[in-house]
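Step one of this worksheet: look at the structure below.
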Amino acid sequence: MIRRMAALVFVVIVAGCARPSTERRGLSAEKIEQVNASLGRIRRGADVDEAYAIEDAFVALGAAAVPVLAKNLVDADDDVRFHVVRALARLRTRDAALALVEALKDRRASARIEAELGLAEILDGSKPVEVTELVARFTNDTDPVVKNTAAYALAKLGWRVGVPTLVENLDAKLWPRSDADRRLREISGKDCHFDPFAGETDRRAAVACWQEWRDGYTPMFDDLIRSLGLYKFLMSDYAKKTLIKLGRPAIPHLRRALGDGNAYVRTHSIEILDAIGAAESLVDVRRCLGDAFAPARAAAAAALGKFRDPEPGVGLARAATSDPDASVRCAAVAALADIATEAAIAPLARALEHDAGVREIAMAARAGLLRAGRAAGIPEAIAALTGTDEALRDQARKRLGELLGDAVPTDAVGWWRSIEASAP
Amino acid sequence: MNRNVRIVSLAAVALLVVGFVYLLAFPTSSDEKSNATPTGSASTVPLDRGSTVCQPCHADVYAEWKQSYHSMAFTDPEPRKPELSDDFKNKDCIPCHAPQPILETGIGNRALARLVFLDEGVDCLACHRVPGRVASVRSGMTAACNPIQTPALGTVEHCAVCHDQHNTVGEWRATDYAKSETDCLACHMPAVERAPLTPGGPKQKGRDHRSLAAHDPKLQASASRVDVSVAKDAVSIAITNERGGHNFPTDERHRAVDLVTTFADAAGRELAAHSERFRNPYRDEVGLVDTQIRWNETKRFRYDVPFGAKSVRVRLYYKLTPITPDAEGNLLLDRQETIP
């Protein structure tokens, strides 16, 4: 909000310093008549070329046309408002900017996007984050053309997070895929010779060309990763889902992001590596168990469980019992329960003892002990402990000692029975 | 010095001071620095053992919180419905329904999900825990939980972490309430006095931790004013968001307010019905527009009186979801008038 206000103040100051323009004087009555007649043509269903030609004519009228155009931002016709917004954006004056602020609330998404893009251009590169967040909202729109517009608007703002959407829309219907290719060419300065009229098979090579470009497009990854740290859930969630969808090409960027100064970027990068299944980042992720930010440590513990950390004793075991944050301990215990190797048994037993009063941790620890313990032969050892054969009892005690170390409970039989009783 | 230069210099200095004070009051804490443990000895109360650790010393506050929808945020069946979080299988909902301590993840950041004591929802520590200590409004407090005066506690920015994801705080900023610094707590956690800790001692001052909001019919009814004007040929209704400090309804897209007007003949038979809905539609509801009532906005409706109508009934419902039937909504107003 503060940034948005600052941006508006900026608009007002910049425009206020400008010399008085014809904008203040307005159009002659005759010209106003012409504008209204042109708007009437759009309203009656002018074709696309005619509507854009009318828009050009409005822009040619210059700043003096702003007041009459601004009045039509409340027109009932969606196409009228859309072209009025575009014309105002191209006129780039103070009053146009203020009108565009109103148009941000337009019921038609594409008009809102054009308003945001226009505002951003008038702000001349100051790139207020709030504007980019607003645009990002439309990445959830169901209309591929709106998505293209949003993606392009974002890229124009220097926020290239919408590029994957444009590449996806190369598989959409004729108009949106043609539009997506055009916008990709404008963003990249590259041409993959995509023929929107060609059949699906013939288009495949060009789509692959765009995908290859996207997978190597570092600015897009940088912006997506930066977005992970944004306050608005929708924006960071979009970035997170997109990075997961991009998959393996994102891994080197995400591994670098584990050292980012923003704790949210680090936390979500770990979660994405986890979701992609990037086991090659195991060592980097293990290091994150020492992160200053507790949610990052919890995410690291969860990822190590997914990667089946072959050395759970290195970090997970410590996190499960010694981390000061209960959520981290819970994630580490759940990870150990997933790994469920012999090496997980002793830390799980210690965690159960340490956090018996924390339901979520105790449940995960018991489930892990049950799984790992059964695989390691604990039920057999417990049965031997209650038997009459002294040699077998010694063997069982030794085995439990191997598995549980200093965590062997005094009443091992009762302990194991309570764990088995908790089995679902 | 030229007068203009002096004014500009003074303004610049003032801006610097305001910015410095703002940074001091609301540091963003997504970086390393803010995650550092504050100085001072740690609490001897285990602050990772859920809200029950607070109960022995703060029984009254704890009891209020237990009545609140904050405490039920994770267990309440309503957000668990299949069409909503589906028993929180949609993990996106957990960060605000069972958040990590907000003062630790940081003002100005998003909430992140807790993994333990989920059933406690928005628990005491979600708002009150700072690393190793407990955030307090007052200074100089001594207790086992080692309270520390924390200016960010209970500020608009504190609530905003969850409650501005749908722009409620943004809406509030556009009202006169923001100008007069009437903040979230003024309406949703009003000041209360509790029984003295010791017989004859002073009453304890605090805030109502029931956190009244979308589930409180009295608060809902106080937000709007409905004026009904009945004439022979038409009925005019004006609904004004008079005292809601934000849009009415606000926040969640599920919330809806319905204005239902029905005309009946002398025998009470319904002749015509009109329904107006005030709500911000879900993002995927193509074609619907946001009809929430802005603060100080009046929405007016005029209905022709059907032939034979002898009475008109105006009802205003607050609904937790758009699919809630009238009978299950909170009836905020029910007015019957005779047609002249």
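Source: prediction; values computed, not measured. A, B, ... follow the sequence lines: proteins, then strands. Residue 1 opens every chain.
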Notebook entry, point to check: Any idea which of B/Leu47, B/Leu118, B/Asp164 has the most non-hydrogen atom pairs under 4.5 angstrom with chain A?
Noted result: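 The candidate making the most pairs under 4.5 Å is B/Asp164.
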Next item on the list: Give, for atom CD1 of B/Ile293 and atom CG of B/Asn247, the distance between the pair rounded to the nearest 0.5 Å.
Entry: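 Going from CD1 on B/Ile293 over to CG on B/Asn247, the span is 9.0 Å.
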Item checked: Residue pair A/Thr165 / A/Tyr238, side-chain donor-acceptor N/O under 3.5 Å ->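 On atom types as modelled, these side chains qualify, holding a pair under 3.5 Å.
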Notebook entry, point to check: In terms of heavy-atom pairs under 4.5 Å, which option from A/Val265, A/Asp355, A/Ile361 contacts chain B the most?
Noted result: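 Among the listed options, the one with the most contacts to chain B is A/Asp355.
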Check: By a 4.5 Å heavy-atom criterion (distance strictly below it), what part of A/Asp143 contacts chain B: side chain, backbone, both, or neither?
Finding: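 It is neither, since no heavy atom gets under 4.5 Å.
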Next item on the list: Go through the atoms of A/Arg329 and report whether side chain, backbone, both or neither lie under 4.5 Å from a heavy atom of chain B.
Entry: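 For A/Arg329, the side chain is the part near chain B, not the backbone.
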Checklist line | Any donor-acceptor N/O pair, A/Arg108 side chain to A/Ser110 backbone, under 3.5 Å | finding: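 Side chain of A/Arg108 to backbone of A/Ser110: no pair is present.
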Margin query: Surrounding CZ of B/Arg294 (heavy atoms of other residues, nucleotides or ligands, distance under 6.0 Å), is the total greater than 12?
Written below: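 Yes, the 6.0 Å shell around CZ holds more than 12 heavy atoms from other groups.
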Notebook entry, point to check: Which residue, B/Arg114, B/Arg133, B/Arg129, forms the salt bridge (Lys or Arg N to Asp or Glu O under 4.0 Å) with B/Glu104?
Noted result: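 Going through the options one by one, the only one that passes is B/Arg129.
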Margin query: Given heavy-atom pairs under 4.5 angstrom as the criterion, report whether the side chain, backbone, both or neither of B/Ala98 touches chain A.
Written below: neither
